[in-house]
Amino acid sequence: MNFHFNISIFAFLYKHIFKNFNEMEMTDTSRKRRTEIADILKNPSIGEEVMVKGWVRAFRSNRFVALNDGSTFNNLQIVLDSDNMDQDILKSVSFHACIAVTGKLVESAGAGQAVEIQAEQVEILGSNDLETYPLQPKKQTMEFLREKAHFRMRTNTFSAVFRIRHAVAFAINKYFNDKGFYYMHTPIITGSDAEGAGEMFRVTTLNPEDAPKGEDGKVDYNQDFFGKATNLTVSGQLQAEIGALAMGKVYTFGPTFRAENSNTSRHLAEFWMIEPEVAFYDIFDNMDLAEDFCKYLINYVLEKYPDDLAFLDKRIQDLEKNMKKEERRPMGLIETLKFVIENDFERITYSDAINYLKSSKPYKKGKFKFPVEWGVDLSSEHERWLVEKKFKKPVIVRDYPKDIKSFYMRQNEDGKTVAAMDVLFPGIGEVVGGSQREERLELLQKRMAEMDIPEEELNWYLDLRRFGGTPHSGFGLGFERIILFITGMSNIRDVIAFPRTPGNAEF
RNA sequence: GCCCCUUUAGCUCAGCUGGUUAGAGCGUCGGACUGUUAAUCCGCAGGUCCAAGGUUCGAGUCCUUGAAGGGGCGCCA
């Protein structure tokens, strides 16, 4: 009785829970285990029968399919015997259709690839109607593909970009882990609006059309979800300092939101930022870390993703063929990346920068639009001149005038400057912004008062100085900006899957 | 937020000082093709010239306003 009961339970489970699995086995090609194309190309087992699944990148001569499954930049060639095939299936083998192929892996008879599959069975997993499908097997503009963001990852360019994006994200965690940093998650929703890094997005559950009002007629955020006004984070730095002053070395790596109306190829409203924060580090340790970190990330991609980089490199060269010499990049992509990791970043002070700019040709000829004067922030034309013309490599500028920088930066002995540093890269400008933090309570309080930052909001931050404080430093690195540099793409909207910018939040 | 540019076939573009039925390449579709590498070759189809208003005998072309996209600048990472 018991035995029979168990049997029927099993039959029930099999029938209902494993039903889908059972149905999958009905199709012949699905029964075998699928092999990823990256594995086949890395370690080809000639003569063996394999099954691959992927998307058709090209179909030539009624015979050759270039198949890509995303596991690698490279395609696998499938050879079809079109005469001895179901003609309906053959017709469905079209651009970007999804297919499963079973066949024998053989050495390729043609040039251009080492191995190929002699197809014995082809199954159409997802057909593709080319009369309505927007993508074409040809060069398409970035602007067009941006509008078709749900398809653009199927292209060589974007799949390469997003593989590299993954690689850099992984390398960031590896770098810090190997160096004994702790990965810290700082809040996405913050109750502090004193962070001073830009306009914030309000987070609320109140009905904007019918929000409760206080006696002063203003919205009463005491009745909001958190009992106070809250926003999306613009920086995890202040909270990361809490971590650094307890765990020594920490870093954050998460989304950041800025409601600035910035319309440039270097700004996003939602982007990812890496913020290491280290106890006992001064501004020079901080610069060493920033430089070593940037070089590590670039080197990691050069070592692990050469095929993707080579494609992006060639893509840029093709693009620049029709451009005037002075508009082209001075070096190829891979050449530039190698140059950056093999040379020291130039290190100058803000005052040096002003002097260099004042003795520059464009300054003397009156070509700069913005004033070059001690105390005024460098504008992007000045930064570009320093990086692209004067030094021709990344430049770290430090010791900025205190009046153009944030309240928490450590005041220097001269009484005029703070221990701030920016790392500037060719083509994209500021990639890193950081500083040694002001650890002296009185000086910090004085600075906050001068800049009208209420102490009550940041008492916890001041406590870090009151109780067991120490000198410490950190910086923020724009994740998409470093991806922009490594991939050689020219618009930041093309290195994030679903860009959020003023007036645009599609997908 | 400011300045500049663009908008013509599915995509990328040409279209002269306003003047017949608006063109090309690529793609699609149809055909050929068993060693191709965004294959190639032959053929057909495909257009509310961004929108609204205006000037004119006549507007893809000139003017005004708006929209969308791009580039530069500011703010920053």
Side-chain angles (χ1 to χ4, degrees), chain A residues 56-66 74-85 91 94-96 106 108-113 116 118 128-148 155-157 195-199 234-237 255-275 290 315 318 322 327 368-370 377-384 404-406 422-425 428-434 475-485 490-494 501-504:
Chain A
V56 175
R57 285 290 179 83
F59 185 31
R60 297 179 284 263
S61 288
N62 238 9
R63 187 166 170 78
F64 304 102
V65 175
N74 298 297
N75 301 327
L76 178 63
Q77 176 152 291
I78 311 295
V79 184
L80 303 182
D81 183 3
S82 46
D83 286 347
N84 300 309
M85 262 184 83
K91 272 204 152 166
S94 57
F95 181 62
H96 282 187
V106 298
S108 177
Q113 60 280 314
E116 63 194 18
Q118 291 285 353
N128 196 19
D129 176 14
L130 295 180
E131 290 207 57
T132 47
Y133 186 61
L135 268 50
Q136 296 170 20
K138 65 168 204 168
K139 275 209 175 81
Q140 310 245 213
T141 60
M142 292 298 112
E143 293 77 20
F144 175 73
L145 291 170
R146 212 172 286 152
E147 288 171 10
K148 315 286 176 207
T155 65
N156 282 331
T157 300
E195 289 166 12
E199 292 295 312
V234 292
S235 164
Q237 178 206 314
T256 309
F257 308 87
R258 304 236 172 127
E260 300 286 353
N261 190 12
S262 299
N263 294 292
T264 80
S265 54
R266 304 180 304 282
H267 288 86
L268 292 164
E270 176 183 290
F271 64 100
W272 288 64
M273 186 157 62
I274 302 98
E275 295 176 290
R315 176 185 165 272
D318 289 347
N322 301 324
E327 285 171 357
F368 285 140
K369 272 189 187 163
F370 290 87
D377 209 355
L378 303 176
S379 69
S380 95
E381 60 179 356
H382 305 140
E383 292 177 352
R384 292 189 74 142
I404 58 172
K405 289 291 181 182
S406 303
D422 285 353
V423 181
L424 312 175
F425 267 55
I428 45 178
E430 188 178 343
V431 169
V432 168
F475 60 81
L477 181 138
F479 182 58
E480 283 79 13
R481 288 197 179 167
I482 196 86
I483 305 296
L484 209 46
F485 182 75
S490 48
N491 194 312
I492 203 162
R493 296 163 196 205
D494 299 328
T501 53
N504 195 341

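Atoms considered below: every heavy atom in the structure, side chains included; atoms not considered: hydrogens, waters and symmetry mates. Sequence lines set the chain letters: A, B, ... in the order given, protein chains first and strands last, and positions in each chain run from 1.
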Per N62(A) side chain, nearest of listed nucleotides G35(B), C33(B), A38(B): C33(B)
Touch class at under 4.0 angstrom, heavy-atom based, for D83(A) against every strand present: base
Sugar-phosphate, base or nothing in reach of Q118(A), heavy atoms under 4.0 Å: base
d(CG, D81(A); C1', C33(B)) in whole Å: 15 Å
Backbone of G429(A) reached by a side-chain donor or acceptor of E383(A) within 3.5 Å: no
Closest listed nucleotide, where the reference is the side chain of E430(A) and the choices are A38(B), G70(B), C76(B): C76(B)
Donor-acceptor pair between E270(A) and T256(A) side chains, under 3.5 angstrom: no
Phosphate OP1/OP2 of G72(B): any S265(A) side-chain N/O under 4.0 Å: yes
Summary of protein contacts for nucleotides 24-30 of chain B, nucleotide by nucleotide, where a base hit scores B, a sugar-phosphate-only hit scores S (4.0 Å, heavy atoms): -BBSSSS
R315(A) and N156(A) side chains, donor-acceptor separation under 3.5 Å: no
Pair H382(A) + F368(A): ring centers closer than 6.0 Å: yes
Touch class at under 4.0 angstrom, heavy-atom based, for A58(A) against every strand present: sugar-phosphate
Euclidean distance, atom CD of residue E381(A) to atom P of C75(B) [Å, nearest integer]: 11 Å
Spacing of OG1 belonging to T501(A) relative to CZ belonging to R146(A), to within rounding of 0.5 Å: 9.0 Å
Closest to side chain of R146(A), choosing from C75(B), G70(B), A39(B): G70(B)
Nearest-angstrom distance from the residue atom NZ of K369(A) to P of G74(B): 9 Å
Candidate nucleotides A77(B), G70(B), C75(B), ranked by approach to the side chain of E143(A) - the nearest: G70(B)
Side chain of D377(A) - closest among G70(B), A39(B), C76(B): C76(B)
Pi stacking test for F271(A) and A77(B): under 5.5 Å apart, planes under 30°: yes
Secondary structure string for RNA chain B (Watson-Crick or G-U under 3.5 angstrom, | for other-strand pairs): (((((((..((((.....[...))))..((((.......))))......(((((..]....))))))))))))....
A22(B) and A9(B), which share atom name C1', separated by this distance in whole Å: 11 Å
Note, F475(A) side chain near I274(A) side chain (heavy atom, < 4.5 Å): no
Below 3.5 Å is the cut-off: list the nitrogen or oxygen pairs between protein and nucleotides 42-47 of chain B, distance only.
none

Distance-minimising heavy-atom pair for E199(A) and V234(A): O-CG1, 4.0 Å
Sugar-phosphate only, base, or nothing, as touched by E275(A) at under 4.0 Å among non-hydrogen atoms: nothing
Length of the CD1-C1' vector between I428(A) and G71(B), whole Å: 17 Å
Between A39(B) (C1') and R57(A) (CZ): distance, integer Å: 17 Å
Any N/O donor-acceptor pair, T132(A) side-chain to G10(B) base, under 3.5 Å: no
P atoms of U40(B) and G53(B), separation to the nearest Å: 45 Å
Separation of F95(A) CZ from Y133(A) OH (nearest 0.5 Å): 6.0 Å
Between P of G71(B) and CZ of R384(A), the distance in whole Å: 12 Å
Nearest-0.5 Å distance that lies between atom CG in D422(A) and atom CG in L378(A): 8.5 Å
S379(A) side chain near G74(B) phosphate (N/O to OP1/OP2, under 4.0 Å): yes
Side-chain touch E381(A)/K369(A), heavy atoms, less than 4.5 angstrom: yes
L80(A) side chain reached by M85(A) side chain, heavy atoms, under 4.5 Å: yes
Distance test, side-chain N/O of S380(A) to OP1/OP2 of C73(B), below 4.0 Å: yes
Selected nucleotide, minimal atom distance to N491(A) side chain, candidates G71(B), G69(B), G35(B): G71(B)
Distance, nearest 0.5 Å, that separates CG of L484(A) from CZ of R481(A): 8.5 Å
Spacing between E199(A) atom CD and G74(B) atom P, to the nearest angstrom: 18 Å
Working for side-chain hydrogen bond (donor to acceptor under 3.5 Å, both in side chains), residues S235(A) and E275(A): CA-CA 8 Å; S235(A) 164; E275(A) 295 176 290; 2.9 Å; yes
Out of G70(B), G35(B), G1(B), whichever nucleotide has its closest atom nearest the side chain of F64(A): G35(B)
Spacing of the C1' atoms in G54(B) and C26(B) (rounded, Å): 38 Å
Any donor-acceptor N/O pair under 3.5 Å between C75(B) base and S262(A) side chain: yes
Flag side-chain contact, heavy atom, 4.5 Å: T157(A) against M142(A): yes
Atom pair distance, as rounded to whole Å: NE2 in H96(A) and P in G10(B): 20 Å
Whole-angstrom distance between U12(B) and U17(B), as gauged at atom P: 26 Å
Sugar-phosphate only, base, or nothing, as touched by K139(A) at under 4.0 Å among non-hydrogen atoms: base
Which residue lies more 5' along RNA chain B, comparing H267(A) with G503(A) via nearest heavy atoms: G503(A)
Distance-only donor-acceptor test (3.5 Å): side chain R266(A), base C73(B): no
S82(A) side chain near U34(B) phosphate (N/O to OP1/OP2, under 4.0 Å): no
Check: D81(A)/N84(A) side-chain N/O donor and acceptor closer than 3.5 Å: yes
Closest nucleotide among U34(B), G35(B), C73(B) to the S108(A) side chain: G35(B)
Residues R63(A) and D83(A) bridged, charged N to O under 4.0 Å: no
Pairwise C1' distance for C63(B) and U20(B), with rounding to whole Å: 26 Å
Heavy-atom donor-acceptor pair, Q113(A) side-chain to U36(B) base, under 3.5 Å: yes
Residue R258(A), side-chain heavy atoms: nucleotide from G35(B), C76(B), G72(B) that is nearest: C76(B)
Residue whose closest nucleotide on RNA chain B lies nearer the 5' end, L268(A) versus F144(A): F144(A)
Phosphate-side-chain proximity, R63(A) and A39(B), N/O vs OP1/OP2 below 4.0 Å: no
Among U36(B), G70(B), C75(B), the nucleotide that comes nearest once only the side chain of Q77(A) is considered: U36(B)
